[in-house]
2 protein chains.
Amino acid sequence: MERLPGFRDFFPRPLPQKNQWEFEARLHLFAAWRRVLAVYGFKEYDGPPVEPLELFTKKSGREIVGQLYNFDDKGGRAVALRPEMTPTLARMVATHERQYKKPIKWFSIPQLFRYERQQKGRLREHFQLNADIVGEAGVEADAELIALLIDVLRALGLGSDDFVIHLSSREAWQAFFREHGGSGTDEYEFFQIVDKLERTPEETAAVKLDKIGVPLEAVRRFITEGELTSQLKIVLKNLRARGIDQFVKIDYGVIRGLAYYTGIVFEAFDRRGEFRAIAGGGRYDKLVELISDAKTDLPALGFGMGDVVLLELLRSRDLLPKGASSVDVYCLIEDEALRSDSLNLIQGLRDAGFRVDYSLVALKSNKQFCQAMDMGASFTATLVPGEQLTVRLKSLADRKEETVAVVDCVAVLKRRLAESHGD
Amino acid sequence: MERLPGFRDFFPRPLPQKNQWEFEARLHLFAAWRRVLAVYGFKEYDGPPVEPLELFTKKSGREIVGQLYNFDDKGGRAVALRPEMTPTLARMVATHERQYKKPIKWFSIPQLFRYERQQKGRLREHFQLNADIVGEAGVEADAELIALLIDVLRALGLGSDDFVIHLSSREAWQAFFREHGGSGTDEYEFFQIVDKLERTPEETAAVKLDKIGVPLEAVRRFITEGELTSQLKIVLKNLRARGIDQFVKIDYGVIRGLAYYTGIVFEAFDRRGEFRAIAGGGRYDKLVELISDAKTDLPALGFGMGDVVLLELLRSRDLLPKGASSVDVYCLIEDEALRSDSLNLIQGLRDAGFRVDYSLVALKSNKQFCQAMDMGASFTATLVPGEQLTVRLKSLADRKEETVAVVDCVAVLKRRLAESHGD
């Protein structure tokens, strides 16, 4: 029985052929995300993967509706597998914001779902780092969030040759739209056209823009020559002070599709332009108010970074970890009469935190040794009979052996493993 | 807008009142699980949270059907949010087993879903550690898995006063059933009755058992006086060799509800009997074959351990971590003219891996200091103007100050943080 189209299995190593989704790579990514988010003082949260449909359809722009993985549950509720985390965050924050000091700096790594018409190889789920700052209107928060995005990518080994953040301003585009006589009801449609401009044929775009009274030429000119807003100037200065302004550039071609952005918006791209956007986000000062029944007015901003494009990028740059040894000690049971004593040794080593493996069944000594080699064990340990039992420890790196008392085994292994890591 | 009934939000500290689900507690649990599973040489995997309905209804016993969170997707497929992980594991293993050396020792921490009639406070999702060994028929594997279960609970701080594993044998029950003339078609029904015996009124149970021709009295006698199978004897000897047999007891009252168990089965309980079962599992030698179209015959065994009961138990025993400081350095910006230089210092400290926070907006010096205290920062760092900028470091534990050159700041903080952790 096959899994559903658009879903992934994550396998341990050695990865089955044709399967590119490795659990360890995902874990590497999540660990890096968590490390940098902690460095920036963000706290982790999570919400339900299934939410009332209304949480997503209400106020998140018409674009999202056709893409939802929604259904009626057995209780007759209209629900959806979450397509994005921000509405859940807004709900959680709006309900309990008085509990938390501002600014609230939270992150989450949800699995998200969408159900678009199936395109070949197009996934219906992905994991996404969501980092948000709630309760701070000042643009210094935007700079902090963009610095965080840069440092998350740097922590994965990516440099300024690998990626760049394109900064833009929804505010600037709103001003442009009003200057050209655009009417409020067309505003969202206008943002959608600009968002898709690069992927739209020239004539189609011109006709669409004509309908809402804005010349394509003016849009193009604004993208190349639009003046920096004062907010963007502050952000650039802030990033320069941190010494990381080489990771950003201004690009008014970025506007972000979703309806709810209100200020600075941004997207991260690989420099070679081989992949889709790595991450995107911006300020959405009205969303928490819109979602919450309590009409809590909380300015907010955030970004999302999916695992799919990022893992592809890291793989292409050879930045995913090679398989490190996952076994410290392989215990050889050369004499089945010593199995019980060996189990006792194994338990003692595991209690001390060593990663220990052994053969569950009687096996020829050389086959056990091959297993130890296959697993990349650092050491083998073998009980040796005698007046008192002793343990023969052998390093598989240099094949050096020593025989130690059972009671000394933990201490000796600790020292020798520390030495070998120091090499 | 409320979340759906039966789903949980996981909040950061300080936990909102009435909400008992703390993200940090979940993370603590997952970290302990991952640590012990690595010590036992298990590798992590994951599969889709949505699977074809048939994967679960086919062969997993009638009991599961009414509890599924199932629906038809937009493509007309009958699908379900996964209620358990074993069928997904069986599918993954059956498809790619030739790739992996036996025994395959894998674990996963999926979120699982069920949709039973709503009972007050009953959850519709939980996280569950799943640990399985595939491809080893010998009962030494059963002992290894039970030892793992014991060590997972010990790693969380639970001792032999807190929990006990009840061991039983599906095989022994099958033999009992055949001895009493039970017919194969009634077997599953019989296991269900025994599984629910403690929660069923005496008369009801007697009538039900009568229908399939087994006297209740004989069942009761078997539970108290049934002889140990040779397999159980081997497991007990094995655990005794490891020195952890005080964590188990034989209890033929345990039989496990699901249809697919074939050998030793077990459940973990808190000693005081305050909670539902902490974990359960056993051997299911035929399941991989049943699930896989390829008719791969792979003996297997595993257990599941949910997060809900376990977190309740840990909380009741005061074994959840208290909030540790999550901020190493709070940077005080006493003079806004130094904000840019402070950002530069902050970036340098974060690059070195310190968890650094600061005020995004201009704030009176004493208010910033209060924030640092609130966050439980270990140190404050303040840029001091002069011929050259210097940094004043202050330990919030002992209020000791020293002033250092900017270039020395990382090294000094490393040393002082190491010292303070050594206290």
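First the proteins, then the strands, lettered A, B, ... as listed; each starts at 1. Bear in mind the structure is a predicted one, so any value in this text is a computation, not a measurement.
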Compare every heavy atom of Ala241(B) with every heavy atom of Ser340(A), then report the nearest pair and how far apart it is.
O-CB, 3.5 Å
Shortest non-hydrogen pair, Arg242(A) vs Gln347(B), comes out as O-CG, 3.3 Å
If you apply the rule side-chain contact (heavy atoms from CB on, under 4.5 Å), what do you find for Val79(A) with Leu4(B), and how did you get there?
CA-CA 9 Å; Val79(A) 302; Leu4(B) 293 170; 3.6 Å; yes
Chain A: which of [options] shares the most heavy-atom pairs with it under 4.5 Å?
{"options": "Val361(B), Ile104(B), Val327(B), Asn238(B)", "value": "Asn238(B)"}
{"options": "Gly243(B), Pro14(B), Ala38(B)", "value": "Pro14(B)"}
{"options": "Glu22(B), Arg8(B), Arg91(B)", "value": "Arg91(B)"}
{"options": "Arg154(B), Arg339(B), Met375(B)", "value": "Arg154(B)"}
{"options": "Tyr69(B), Tyr45(B), Phe7(B), Phe71(B)", "value": "Phe71(B)"}

Expected output: side-chain Glu125(B) to main-chain Pro48(A) donor-acceptor under 3.5 Å
no
Mark yes or no for whether Lys43(B), through its side chain, and Phe23(A), through its backbone, hold a donor-acceptor pair below 3.5 Å.
no
Hey, does [Y] have a side-chain heavy atom less than 4.5 Å from the side chain of [X]?
{"X": "Asp351(B)", "Y": "Asp151(A)", "value": "yes"}
{"X": "Asp73(B)", "Y": "Tyr115(A)", "value": "yes"}
{"X": "Leu15(B)", "Y": "Gln99(A)", "value": "no"}
{"X": "Gln111(B)", "Y": "Pro49(A)", "value": "yes"}
{"X": "Asn70(A)", "Y": "Lys74(B)", "value": "yes"}

Any idea how Trp106(B) and Phe11(A) line up, ring-wise: parallel (<30°), tilted (30 to 60°), or perpendicular (>60°)?
perpendicular
Output the option from [options] having the highest count of non-hydrogen pairs under 4.5 Å with chain B.
{"options": "Glu44(A), Arg34(A), His96(A)", "result": "Glu44(A)"}
{"options": "Met92(A), Lys237(A), Glu51(A), Glu140(A)", "result": "Met92(A)"}
{"options": "Asp357(A), Leu343(A), Asp328(A)", "result": "Leu343(A)"}
{"options": "Val50(A), Val329(A), Thr88(A), Leu239(A)", "result": "Val50(A)"}

At a heavy-atom separation under 4.5 Å, does [X] approach chain A through its side chain, its backbone, both, or neither?
{"X": "Leu27(B)", "value": "side chain"}
{"X": "Arg350(B)", "value": "both"}
{"X": "Leu349(B)", "value": "neither"}
{"X": "Arg35(B)", "value": "neither"}

So CG of Leu360(A) and NZ of Lys102(B): to nearest 0.5 Å the spacing works out to 14.0 Å
Glu2(B) side, atom CD; Thr95(A) side, atom OG1 - distance, nearest 0.5 Å
6.5 Å
Can the positive tip of Arg355(B) be found less than 6.0 Å from the middle of the six-membered ring of Tyr40(A), inside 45° of the ring normal?
no
Please determine if Asp374(A) and Lys101(B) form a salt bridge, counting it only when a charged side-chain N lies under 4.0 Å from a carboxylate O.
yes
Side chains of Glu144(A) and Tyr358(B), donor plus acceptor under 3.5 Å:
yes
